[in-house]
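Atom set for the values below is all heavy atoms of this structure, side chains included, hydrogens, waters and symmetry mates excluded. Just so it is clear, the structure is predicted and the values come from calculations on it, not from any experiment.
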Amino acid sequence: MTRYVAYVRISSEDQVGNFSLDAQQHTIEKWIADQEGRLVHTYVDEGYSGLTTDRPAFIQMRHDARQAKFDAIVVHKFDRFARNHADAIALKALFRYELNVKIYSVTEPSEDSDGAMGLLMESMIEGVIDWYSKNLSKETAKGKKERARQGYHNNRPPFGMDKDQNGILITNQHELIGLIQAYESYATGNYSDTDVAHQLNDAGYRSKTGRKFSTDTVRDMLQNRTYPGYVKYQPYKKNADGSRSYKSEIQWFDGLHDAIIPQSLFDKVQEMRAKRRPKVLKDWHHNRTYLLSNLIYCADCVQNIPQDVTYDSYGKMRVQKLRGVSRYRCRARDLGYTCGQNSVNAVEIENQVINIIKNLQLSTDKYNELAIEIARRLSEQSLTERITEIKAIIDRMDFRWDKGFVTDQNTYIQKRTELQNELEKLTPIPEDNLKSATDIIDNFASHWDSTIDRGVQEKLLNLIVQRLWVRGNDVTTILLHPNYYLHVT
């Protein structure tokens, strides 16, 4: 009996909790029953866009596919799987040809259900989905800018405010007391962002997301021009890796709502921020690559997570410069919680990790698991990089065509078709990647010492290490990628 899994997704935050997920799952369950198959699991991504592959349940599904836990994936429509044509091609190639997993749609033809004709129809559907997403994005952006011009706030209301039935910001009287206290405290010059966060948390206030106030949320709150009566519009742009870029120009328009922070108080806070800011801002954290910046966690905080914390990054340590020394510091205090872990010297803790990996000794089974995982990561890394590169080229070509810079239609279509064909032929895992993976494990020390490029060293370390924990000034545990823990004594 074929083992099926269901993948269901909704993208808009407005849909979270909506019947859409149940409707998708019910339809898939009926389809599987008609095929006389067995549903072994349902993967659910609620509130995640199909324009990104960074979805928790989707990532878990890929991991489980590598463990051969199922034979086929079923979606309600292919736009649940991916909305970007290039991503859809690469991901389906990975599942079908590398992992030997079939992919079906309940409502649409596919290569696995309808052969060559299904492949043609599936490709056409993906192209339409991609076009629809891009066109919808443009129309949505135009609509949001027009709403801002008219004085409407586009996003979640900030702390101290709500929205009425017409979408206009109104005062939240309870939160307003805390908001004014925060502004007045900072304006005295006697309190930092962290101090204000503690004031709000001690008074029982919580942010609009339900979390305690952190240094970062207070910093943003004290610079939010929505409070003195404006609304913001910032065009949506993406970085090369697909994540959102916040570097696009911000435009402010007069809002329909009443100001709840006087302009004079808002200006006083900005003046005080300028005074507290160092005279010379050195971009020190961009001048040095921190090898453990996405890996290092505070052991005490992870073992003692507060009951109201629901996110996985609690206990993560961030980089800081303290009296000229680069360090890693637990973020718990910035998030409004307590932590007894002092900051640790970045160089010393990085050297500990490097020496441990250089002297790594594994059993045969763990060695093979690690090699396979590194090979997979190398493959997906190269695949992602080439997909990103091709997508960027296609986007530039489309832009030039749309603007009339390219007038030769035949040349444009030919080149675009060549790039699209290359995407379809990308091999998920090159055959020599496993050799490269074993070479990295066997000769890690020589690879490490052969380069002084810390960017290269960071990638090398991330191929092996998934996460690590520190207590005091020492590394206590390292998690390698195939879920193998090294307990350091």
Side-chain angles (χ1 to χ4, degrees), residues 54 238-243 245 247 281-297 316-322 324-329 343-362 367 370-393 426-470 473-475 478-482 484 486 488:
D54 189 16
K238 293 193 294 185
N239 296 311
D241 62 0
S243 62
S245 169
K247 295 181 180 179
L281 289 176
K282 294 183 178 179
D283 200 13
W284 56 268
H285 57 283
H286 290 306
N287 295 333
R288 182 186 193 277
T289 298
Y290 288 81
L291 303 177
L292 311 178
S293 59
N294 292 312
L295 305 174
I296 186 168
Y297 283 74
K316 192 172 187 177
M317 303 179 75
R318 69 189 306 176
V319 297
Q320 69 167 179
K321 191 105 169 184
L322 186 61
V325 179
S326 298
R327 309 182 71 85
Y328 294 101
R329 175 176 177 270
S343 61
V344 295
N345 185 290
V347 174
E348 293 179 3
I349 211 74
E350 288 171 359
N351 285 340
Q352 284 186 43
V353 175
I354 294 164
N355 288 332
I356 291 169
I357 302 302
K358 281 184 175 180
N359 296 287
L360 187 64
Q361 294 184 347
L362 299 170
Y367 178 96
L370 179 57
I372 292 172
E373 178 65 16
I374 291 176
R376 181 188 70 80
R377 293 177 65 80
L378 285 171
S379 302
E380 293 194 354
Q381 186 180 85
S382 60
L383 181 63
T384 300
E385 288 174 354
R386 184 55 184 152
I387 289 174
T388 300
E389 182 181 354
I390 293 175
K391 284 162 62 176
I393 294 172
L426 285 175
T427 304
I429 298 187
E431 294 181 0
D432 60 350
N433 272 17
L434 191 57
K435 294 180 180 179
S436 299
T438 56
D439 178 58
I440 288 173
I441 301 172
D442 293 337
N443 302 295
F444 179 85
S446 60
H447 285 301
W448 186 273
D449 295 335
S450 66
T451 179
I452 60 173
D453 186 330
R454 290 181 64 83
V456 174
Q457 291 178 335
E458 181 186 29
K459 289 182 178 180
L460 189 61
L461 190 63
N462 274 264
L463 286 172
I464 296 178
V465 177
Q466 183 173 344
R467 184 174 290 193
L468 63 100
W469 294 264
V470 298
N473 294 313
D474 299 313
V475 177
I478 298 178
L479 173 63
L480 304 184
H481 271 294
Y484 178 68
L486 294 175
V488 183

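When all heavy atoms of Ile296 and Val470 are compared, the closest pair comes out as CD1-CG1, 3.9 Å. Here the closest non-hydrogen pair linking His447 and Ile440 is CD2-CA, 4.0 Å. Of all the heavy atoms in Leu291 and Arg454, the pair that sits closest is CG-NH2, 3.3 Å. Minimum heavy-atom separation, Ile374 to Leu463: CG1-O, 3.4 Å. The two atoms that bring Ala371 and Ala437 nearest to each other are O-CB, 3.2 Å, heavy atoms only.
Taking the side chain as every heavy atom from C-beta outward, Tyr484 and Leu370 never approach each other to under 4.5 Å. Contact annotation: the side chain of Leu360 approaches that of Leu486 to within less than 4.5 Å [non-hydrogen atoms, C-beta and beyond]. Residues Lys358 and Asp449 have side chains in contact (heavy-atom distance under 4.5 Å, counting atoms from C-beta outward). With contacts defined as side-chain heavy-atom distances shorter than 4.5 Å, the pair Leu292/Leu461 qualifies. No side-chain heavy atom of Glu350 sits less than 4.5 Å from a side-chain heavy atom of Gln457. Counting heavy atoms from C-beta on, the side chains of Asp442 and Tyr367 come closer than 4.5 Å. With a 4.5 Å cut-off on side-chain heavy atoms, Ile349 and Asn473 do not count as touching. Contact annotation: the side chain of Asn345 approaches that of Arg327 to within less than 4.5 Å [non-hydrogen atoms, C-beta and beyond].
Checked against Gln352 for a side chain to side chain contact (heavy atoms under 4.5 Å, CB included), the options Leu468, Asp474, Val488 give a single hit: Asp474.
The backbone N or O of Ser293 sits nowhere less than 3.5 Å from a side-chain atom of Glu458 that would complete a donor-acceptor pair. Within the 3.5 Å criterion, the main-chain N or O of Asn351 finds a donor-acceptor partner in the side chain of Asn355. A distance-only check finds no donor-acceptor pair linking the side chain of Glu373 to the backbone of His481 [under 3.5 Å].
Taking CZ from Arg467 and CG from Leu479, the interatomic distance works out to 8.0 Å, rounded to the nearest 0.5 Å. How far CG of Asp439 is from CZ of Phe444: 12.0 Å, rounded to the nearest 0.5 Å. Once rounded to the nearest 0.5 Å, the distance linking OH of Tyr290 with CD of Gln320 reads 9.0 Å. Atom CD1 of Ile478 and atom CD1 of Ile464 lie 10.5 Å apart (nearest 0.5 Å). Distance CG/Asn359 to CD1/Ile354: 12.0 Å, rounded to 0.5 Å. For the atom pair Asn294 CG and Arg318 CZ, the distance stands at 12.0 Å (nearest 0.5 Å).
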Open item on the list: Under the criterion side-chain contact (heavy atoms from CB on, under 4.5 Å), I'd like the reasoning laid out for Tyr328 against Val319: C-alpha separation, chi angles, the key distance, then a yes or no.
Closed with: CA-CA 5 Å; Tyr328 294 101; Val319 297; 3.6 Å; yes
